[in-house]
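The structure appears below as structure tokens.
To find a chain, count down the sequence lines: A is the first, B the second, and so on, and within it residues start at 1. Side chains included, hydrogens not; waters and symmetry mates left out as well; all remaining heavy atoms used.
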Number of protein chains: 2
Amino acid sequence: MDFRLKAPSHSDESSLRQQVFNHILEAVLSGRFKPGEPLIELKLAEELGVSRTPIREALRQLEYEGLVSSIPNKGVIVNGISETDIEEIYAIRELVEGLAVKWAAERISEQQRRDLEETFELMCFYTRKKDYQQLAKYDARFHNLLFDSCQSKVLRHILRMLMRYVEHARIGSFRVTERAEQALEEHRAILEAVLEGSAEKARDLMTMHIKNALVNLMEQRKVSEKRDQAKERDQA
Amino acid sequence: MDFRLKAPSHSDESSLRQQVFNHILEAVLSGRFKPGEPLIELKLAEELGVSRTPIREALRQLEYEGLVSSIPNKGVIVNGISETDIEEIYAIRELVEGLAVKWAAERISEQQRRDLEETFELMCFYTRKKDYQQLAKYDARFHNLLFDSCQSKVLRHILRMLMRYVEHARIGSFRVTERAEQALEEHRAILEAVLEGSAEKARDLMTMHIKNALVNLMEQRKVSEKRDQAKERDQA
DNA sequence: TGTTGTATAATTGTATACAATTATACCGTA
DNA sequence: TACGGTATAATTGTATACAATTATACAACA
């Protein structure tokens with residue numbers, strides 16, 4: 001496949017570094033680059049049709065976001081993520097996202113109220129239609145709006161890194177499907193609490209939402225594992 | 001002043017990028033580079049006697065750690081930090097560092113127990129001697145050991161970013177001095193709770209420790225402000 | 001005087017060249 | 001065959017050159 005950038009693919013005017021970052025990010029999150037796999041600058045540069053400079057900068061950014069590890073003078077490899085990691089990530093999420101919605105309930109602006117309600121309506125719509133592609137998109141937007149509503153640069157920064165870990169943890173699972181209806185109701189409850197300014201209630205609801213999401217994720221991983229093992233048996 | 005690197009200053013064998021990073025970091029944290037001040041790559045490169053490449057990489061790292069902001073095609077400027085920011089940082093610290101010591105109490109290794117106790121002894125020593133330079137050094141080591149003891153790569157990553165913010169928040173304050181004795185007792189209590197494996201107790205003690213540290217920091221800032229205002233009056 | 005346009009300079013973004021380091025393959029020797 | 005050493009290749013680290021973008025100064029004009 002030809003991944004060369006600056007093609008008029010979506011006529012992006014963002015910097016090459018950002019495009020390269022997005023490309024490698026997508027490759028890692030989709031599992032095309034597997035854990036332990038070394039990322040060679042020159043190879044990536046040729047593949048994407050750019051020089052090593054933007055590649056290096058993108059790799060550094062990926063390192064700071066925790067997706068790859070870099071060993072000086074040797075190179076960078078894709079990070080794997082263990083079950084323990086996932087449990088830890090979700091434990092941290094409970095606290096930090098809990099704080100985020102608490103602050104959001106206290107500080108949200110009028111415009112953000114409207115945006116959140118609008119986005120939630122779309123989530124309802126796509127849940128009914130069972131269009132999980134679109135649902136995932138608006139789910140992400142919902143959470144981002146919520147995080148912006150807490151009006152905190154610092155918390156936003158922490159959350160950004162944390163959410164990258166979460167995305168990484170989700171590799172290979174189906175994301176929504178059967179839990180979609182339940183998740184929607186949880187989102188509805190959180191939204192209501194935020195809009196009526198019930199900070200503690202919003203936090204507790206978010207904590208519970210994340211607990212449930214973890215249980216669901218772990219179950220999905222078990223399913224995926226069994227499916228993979230079956231596949232291996234078939235090949236043998 | 002001549003800041004050129006690779007001089008046999010401390011015969012560091014770390015990469016230039018890391019040296020440059022440390023240099024700029026120190027300049028920002030010490031207040032030599034002031035909030036809003038633009039950081040020009042070429043100027044820094046000449047000042048430090050290296051090319052722009054390691055400068056750029058160091059600036060990117062500083063950006064990810066929240067100390068500077070970069071606007072594409074324009075440049076990077078030093079970030080300021082408001083009172084609100086500080087309060088938010090400390091609120092996040094309460095949760096995250098609280099979780100950290102909780103896990104540390106559950107997971108600490110034998111070697112780490114010994115290291116922590118040893119470091120704490122040194123903190124006692126330098127508190128008695130009122131050598132606040134050395135005390136600050138071992139205080140930082142104490143916290144780092146504590147964070148390592150929770151054996152969590154993810155939490156370590158979050159804490160790293162958070163502590164950078166904390167250091168940034170502390171700009172211009174005296175750090176320890178009069179609160180040293182009280183802080184030492186708080187540290188002693190946390191250490192005991194961790195060593196005896198009382199996870200919840202350790203977390204609550206850490207929460208209280210951070211609350212106190214915030215109060216102290218805010219008071220010191222008020223003192224600094226008044227001092228600065230007096231200085232300005234004198235100059236006028 | 002104030003505004004706008006344009007030339008110039010300053011600065012960042014990207015590509016390439018070179019240096020330093022690390023990995024690999026091959027050969028000789030016991 | 002197993003081991004060690006050396007030459008070679010592969011890869012990262014740094015410097016420099018060039019392109020693209022943005023800021024600045026200054027003149028022309030209303």
Between atom [atom1] in [X] and atom [atom2] in [N], what is the gap in whole Å?
| X | N | atom1 | atom2 | value |
| --- | --- | --- | --- | --- |
| Leu48(A) | dA15(C) | CG | C1' | 15 Å |
| Ile55(A) | dT11(D) | CD1 | P | 14 Å |
| Leu42(B) | dG13(C) | CG | C1' | 14 Å |
| Ile40(B) | dA9(C) | CD1 | P | 18 Å |
| Phe21(A) | dT14(C) | CZ | P | 15 Å |
| Ile71(B) | dT11(C) | CD1 | C1' | 13 Å |
| Glu57(B) | dG13(D) | CD | C1' | 8 Å |
| Arg17(A) | dA15(C) | CZ | P | 14 Å |

Answer yes or no: does a side-chain N or O of [X] lie under 4.0 Å from OP1 or OP2 of [N]?
| X | N | result |
| --- | --- | --- |
| Arg56(A) | dG13(D) | yes |
| Lys74(A) | dT21(C) | no |
| Arg60(B) | dG13(C) | yes |

Go through [options] for me and flag the one nearest to the [X] side chain.
| X | options | answer |
| --- | --- | --- |
| Ser51(B) | dA15(D), dT12(D), dG13(C) | dA15(D) |
| Arg52(A) | dT14(C), dG13(D), dA15(C) | dG13(D) |
| Asn73(B) | dG13(D), dT16(C), dT12(C) | dT12(C) |
| Glu41(A) | dG13(D), dT14(C), dT14(D) | dG13(D) |

So is Arg93(A) actually on top of Tyr90(A)'s ring, under 6.0 Å and inside 45° of the axis?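 Verdict for Tyr90(A): a cation-pi partner in Arg93(A).
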Lys153(A)/Glu88(B) ion pair, N-O < 4.0 Å: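 No, Lys153(A) and Glu88(B) are not salt-bridged.
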Lys/Arg N to Asp/Glu carboxylate O, Arg114(B) vs Glu121(B), below 4.0 Å: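 Glu121(B) and Arg114(B): not salt-bridged.
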Output yes when a side-chain donor or acceptor of His187(B) lies under 3.5 Å from a complementary backbone atom of Ala183(B), and no otherwise.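 Yes; at least one donor-acceptor contact below 3.5 Å.
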Of Lys43(B) and Thr53(B), whose closest DNA chain C nucleotide lies nearer the 5' terminus?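 Looking at the nearest nucleotide for each, Lys43(B) comes out on the 5' side.
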Leu39(A) near the nucleic acid: base, sugar-phosphate alone, or nothing, with a heavy-atom cut-off under 4.0 Å?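 Counting heavy atoms under 4.0 Å across all strands, the contact made by Leu39(A) is with sugar-phosphate only.
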Could you check, using the six-membered ring where one of them is a Trp, whether His157(B) and Tyr165(A) have ring centers closer than 6.0 angstrom?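 Yes; Tyr165(A) has its ring centre under 6.0 Å from that of His157(B).
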